[in-house]
J.: 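The structure under discussion is supplied below as structure tokens; questions concerning it will follow.
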2 protein chains.
Amino acid sequence: MAVSMSDVARHAGVSQRTVSNVVNNYVHVSPATRARVQASLDALGYRPNTAARRLRTGRTGTVTLAVPSFRERYFADLAEAVVGAARDRGTTVLVETTGGHRDTELALLRGGGDVLTDGVIMSAVALGRDDQRGAHPVVLIGDREPGSTIDHVGIKNREAAQAAVTHLLETGRRRILLLGANHGPKRSYQLRRQGYQAALKKHGTALDPDLLVACDWTTTAAAATITRTFEHLRPDGIFAMNDSAALGVLQALHRGGVDVPKDVSVVGFDDIVESSLSTPTLSTVAPLLGDIAASALDLLAEQVDEDHVPQHRMAGYELRIRESSTR
Amino acid sequence: MAVSMSDVARHAGVSQRTVSNVVNNYVHVSPATRARVQASLDALGYRPNTAARRLRTGRTGTVTLAVPSFRERYFADLAEAVVGAARDRGTTVLVETTGGHRDTELALLRGGGDVLTDGVIMSAVALGRDDQRGAHPVVLIGDREPGSTIDHVGIKNREAAQAAVTHLLETGRRRILLLGANHGPKRSYQLRRQGYQAALKKHGTALDPDLLVACDWTTTAAAATITRTFEHLRPDGIFAMNDSAALGVLQALHRGGVDVPKDVSVVGFDDIVESSLSTPTLSTVAPLLGDIAASALDLLAEQVDEDHVPQHRMAGYELRIRESSTR
DNA sequence: CTGAAAGCGCTTACAG
DNA sequence: CTGAAAGCGCTTACAG
């Protein structure tokens, strides 16, 4: 049987209250008492019972992270960031995978069958604007339904895309293909395209509609699309909506004998691990996952306030320039 | 405030005991009572308090999964499998990342600072044979220190490697390079090499020491090594110790104008997601992660028995033949 | 600075 | 088939 506080109290000849004070580092304990209690704690190998503490305080010290699947690289990286940020504040992370199913997402949004954690951080893909959360704190990550009243952490899609395209323009590229238009997560697509257009406009370069190329945001789709497109089109820069697609671009160009970055510069979005390992290494926009994780945990904590107003926070990003756009 | 059982009991005009019976689906409740209680449960929106249940029963319904990092694809896939298998048995999964640090692994092995879960499933990389676990259930996954007395789930490294090499031999390959010899996780390396040798022996093919090529188990190292090796060696088959390396092989051969699978067949190990997306798609040995997860959860559950004997279980694997070895 | 005691929300012998 | 009650291990007003 595990050692409880009352065992320790008996051993040290003090009350349970004093043991609790020592364990929780309260100030008002005399050094002598503290030392004695600490010795008993060590001798008996006391370890706090989290369930009891939770029952008593109502707080669990645990948050739930829900993502569609860890098999998607981006979500695995996000999980890594959330676990790290949570550890910094003494919080543990419990994980759920939703498979992107609306039912599962809704259940988590409304509270699941179980009160186990202090709140849910979810990358939801199937929820709509009008879905309401339950009584427990919820923070959504990623694409946001405009008009939703649930706390949310996103990234500066427009600014980031603009920065990427501006970088291409500043390195002398003029005919920049936007790969992934009309596809992918709806909202991100719109914002990244706006960023693309804003960069061109600011630079005084005309928009050529032929350079807006529809494509799934996957490696294979991107490779096929680029191979087909290069039969009749010769851009000198490509901004892909995400890295998976950008890596497909690199494959296709390599196969087609087009030199990157000599003939064409390529920039992606996400900074997945493969992007720093590809040949050439891929320039990309890196959302700061640590920022996202920290903001989500902050918002969760703030939701315990009665007068918390639902809000929308933006995490930072970095443009990471690598070989694929360096001439 | 949340709705408790006593609230429901009052609402339904029964004792708390009866509410508990209904919630837990005990048999001896009259249909009429059950219906009435259920109605109150629904009306009040009752949800069980996990902390209280845990405190009372001593079981948490949660296991901890500890891996070095989710950024490594294999561990992300493993997490996906564990979360899925756990859900099947009504268990939730709490995650920790160890960064492969011995301190962190030891802390988890010995029980951490906190009694939060029913046990720990860990992919340990820095523990030694003599490290002892604490009082709580622990199952190690992956490479095993021979002689360790901690429960463990592994894969049939030798048999799986033998199957992969036999496949190459049966498709007419004779000069099969083993890539990753003398590197990588110690134990896996030995066993996989034994499997390689067993396959050759059984087939009556002589072992050529030149074909045992040392190399880190990474994409970049493999690509470099293969490019160098092909300057003076011409194998017709390559068995790489893992998929990351095998993908590097594909890159290097493609760049070097060597056709896969026409000139050289390639087989990897792990079946990471990229392996089914590469060009050509990569033949590989797939450890059955669902098996690993289920066995680990079983062993954890069995450890509550007083007379549990530490054991070592083997999860299954599948040889997945794709384009890189199909002529 | 420390003690005695209540109570968080459950489950489960003990009765009937 | 159901009730009254104890107790899991904590934290924290209430006293002193």
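Proteins come first, then strands; the chains are lettered A, B, ... in the order of their sequence lines, and each starts at number 1.
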J.: Would you measure the distance from the C1' atom in dT12(C) across to the matching atom in dG16(C) and give it in whole Å?
T.: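 Taking atom C1' in both dT12(C) and dG16(C), they lie 16 Å apart.
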J.: Given dG3(D), is OP1 or OP2 found less than 4.0 Å from the side-chain N or O atoms of Ser15(B)?
T.: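 Checking Ser15(B) against dG3(D): at least one side-chain N or O falls below 4.0 Å of OP1 or OP2.
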J.: For Val19(B), which of His11(B), Met5(B), Arg10(B) qualifies under side-chain contact (heavy atoms from CB on, under 4.5 Å)?
T.: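 Only match with Val19(B) under side-chain contact (heavy atoms from CB on, under 4.5 Å): Met5(B).
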J.: Provide the full list of ring pair (Phe, Tyr, Trp, His ring centres under 6.0 Å) pairs with a residue in residues 46-72 of chain A, sequence neighbours left out, each pair given once.
T.: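 The answer is Phe70(A)-Phe70(B).
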J.: Just how far, in rounded Å, is P of dC10(C) from CZ of Arg53(A)?
T.: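 Distance, rounded to whole Å: 21 Å.
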J.: Hey, are Glu80(B) and Ser69(A) close enough side-chain-wise for a donor-acceptor pair under 3.5 Å?
T.: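 A donor-acceptor contact under 3.5 Å links the two side chains.
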J.: Which atom pairs, one a donor and one an acceptor, fall under 3.5 Å between side chains of residues 289-300 of chain B and the rest of the protein, sequence neighbours left out?
T.:
| unit_1 | atom_1 | unit_2 | atom_2 | d |
| --- | --- | --- | --- | --- |
| Asp291(B) | OD2 | Gly316(B) | N | 3.0 |
| Ser295(B) | OG | Asp291(B) | O | 3.0 |
| Asp298(B) | OD1 | Arg89(B) | NH1 | 2.6 |

J.: Which heavy atom of Met122(B) sits nearest a heavy atom of Leu109(B), and at what distance?
T.: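 Shortest heavy-atom contact: CE-N, 4.1 Å.
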J.: Nearest whole angstrom, please: distance from the P of dG3(C) to the CD of Gln16(A).
T.: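 Value for this atom pair: 11 Å.
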J.: Quick one: label Thr57(B) by what it contacts on the DNA or RNA (base, sugar-phosphate, nothing), any heavy atom closer than 4.0 Å.
T.: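 If one applies the 4.0 Å heavy-atom cut-off, Thr57(B) turns out to touch the sugar-phosphate alone, with no base involved.
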J.: Report the distance from atom CG of Asn24(B) to atom P of dG9(C), rounded to the nearest whole Å.
T.: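 Computing the Asn24(B):CG to dG9(C):P distance gives 17 Å.
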J.: To the nearest angstrom, how far is Arg10(A) atom CZ from dG9(D) atom P?
T.: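 Rounding to the nearest Å, CZ of Arg10(A) and P of dG9(D) are 11 Å apart.
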J.: Would you list the atom pairs, donor with acceptor, under 3.5 Å between side chains in residues 125-132 of chain B and any protein atom, with sequence neighbours excluded?
T.:
| unit_1 | atom_1 | unit_2 | atom_2 | d |
| --- | --- | --- | --- | --- |
| Asp131(B) | OD1 | Arg102(B) | NH2 | 3.1 |
| Asp131(B) | OD2 | Arg102(B) | NH1 | 2.7 |
| Asp131(B) | OD2 | Gly128(B) | N | 2.7 |

J.: As a test of reading the structure: which of dT2(D), dG9(D), dG9(C) is closest to the side chain of Asn21(B), going by heavy atoms?
T.: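 Nucleotide nearest to Asn21(B)'s side chain: dT2(D).
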J.: Please state how far atom CZ in Arg54(A) lies from atom C1' in dT12(D), giving the value in whole angstrom units.
T.: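 Result: 20 Å.
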J.: Whole angstrom is fine here: how far is it from CG in Leu41(B) over to P in dG9(C)?
T.: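 Result: 15 Å.
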J.: Quick test: give all pairs of protein nitrogen or oxygen and nucleotides 13-16 of chain D nitrogen or oxygen below 3.5 Å, distance rounded to 0.1 Å.
T.:
| unit_1 | atom_1 | unit_2 | atom_2 | d |
| --- | --- | --- | --- | --- |
| dA13(D) | N6 | Arg17(A) | NH1 | 2.6 |

J.: Can you check the distance between dA15(D) and dT11(D), where both ends of the measurement are the P atom (answer in whole Å)?
T.: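 Per the computed distance, 22 Å lies between those P atoms.
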J.: Is a side-chain donor or acceptor of His136(B) paired with a backbone partner of Asp118(B) at a separation under 3.5 angstrom?
T.: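 Pair absent, no side-chain N/O of His136(B) close to backbone of Asp118(B).
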J.: Kindly compute the distance separating CZ (Arg71(B)) from CD1 (Ile272(A)), expressed to the nearest 0.5 Å.
T.: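 Arg71(B) CZ to Ile272(A) CD1: 10.0 Å, rounded to 0.5 Å.
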J.: Nearest-nucleotide wise, let me know which of Met5(B) and Arg56(A) is further upstream toward the 5' end of DNA chain C.
T.: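 Comparing both residues, the 5'-ward one is Arg56(A).
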J.: Verify the distance criterion only: is there a donor paired with an acceptor across the side chains of Arg87(A) and Thr97(B) at less than 3.5 Å?
T.: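 Side-chain D/A pair, Arg87(A) to Thr97(B): present.
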J.: To the nearest Å, how far apart are Asp7(A) CG and dC8(D) C1'?
T.: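 Whole-Å distance recorded here is 13 Å.
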J.: Could you give all pairs that pass the ring pair (Phe, Tyr, Trp, His ring centres under 6.0 Å) test and reach residues 78-106 of chain A, with sequence neighbours left out?
T.: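 Found none.
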J.: In dot-bracket, 5' to 3', how would DNA chain D read with Watson-Crick or G-U wobble pairs under 3.5 Å, [ ] for crossing ones and | for pairs to another strand?
T.: |||.||||||||.|||
J.: Could you check Ser20(A) against Ala52(B) and say which one's nearest nucleotide on DNA chain D is further toward the 5' end?
T.: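 Nearest-nucleotide comparison on DNA chain D picks Ala52(B).
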J.: dT11(D) P sits how many Å from Leu55(B) CG, rounded?
T.: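 Between P of dT11(D) and CG of Leu55(B): 12 Å.
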J.: Could you tell me whether Thr33(A) contacts a base, only the sugar-phosphate backbone, or nothing, with contacts defined as non-hydrogen atoms closer than 4.0 Å?
T.: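 Sugar-phosphate only.
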J.: Look at all strands and tell whether Thr18(B) reaches a base, only sugar-phosphate, or nothing, counting heavy atoms closer than 4.0 Å.
T.: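 Touches sugar-phosphate only.
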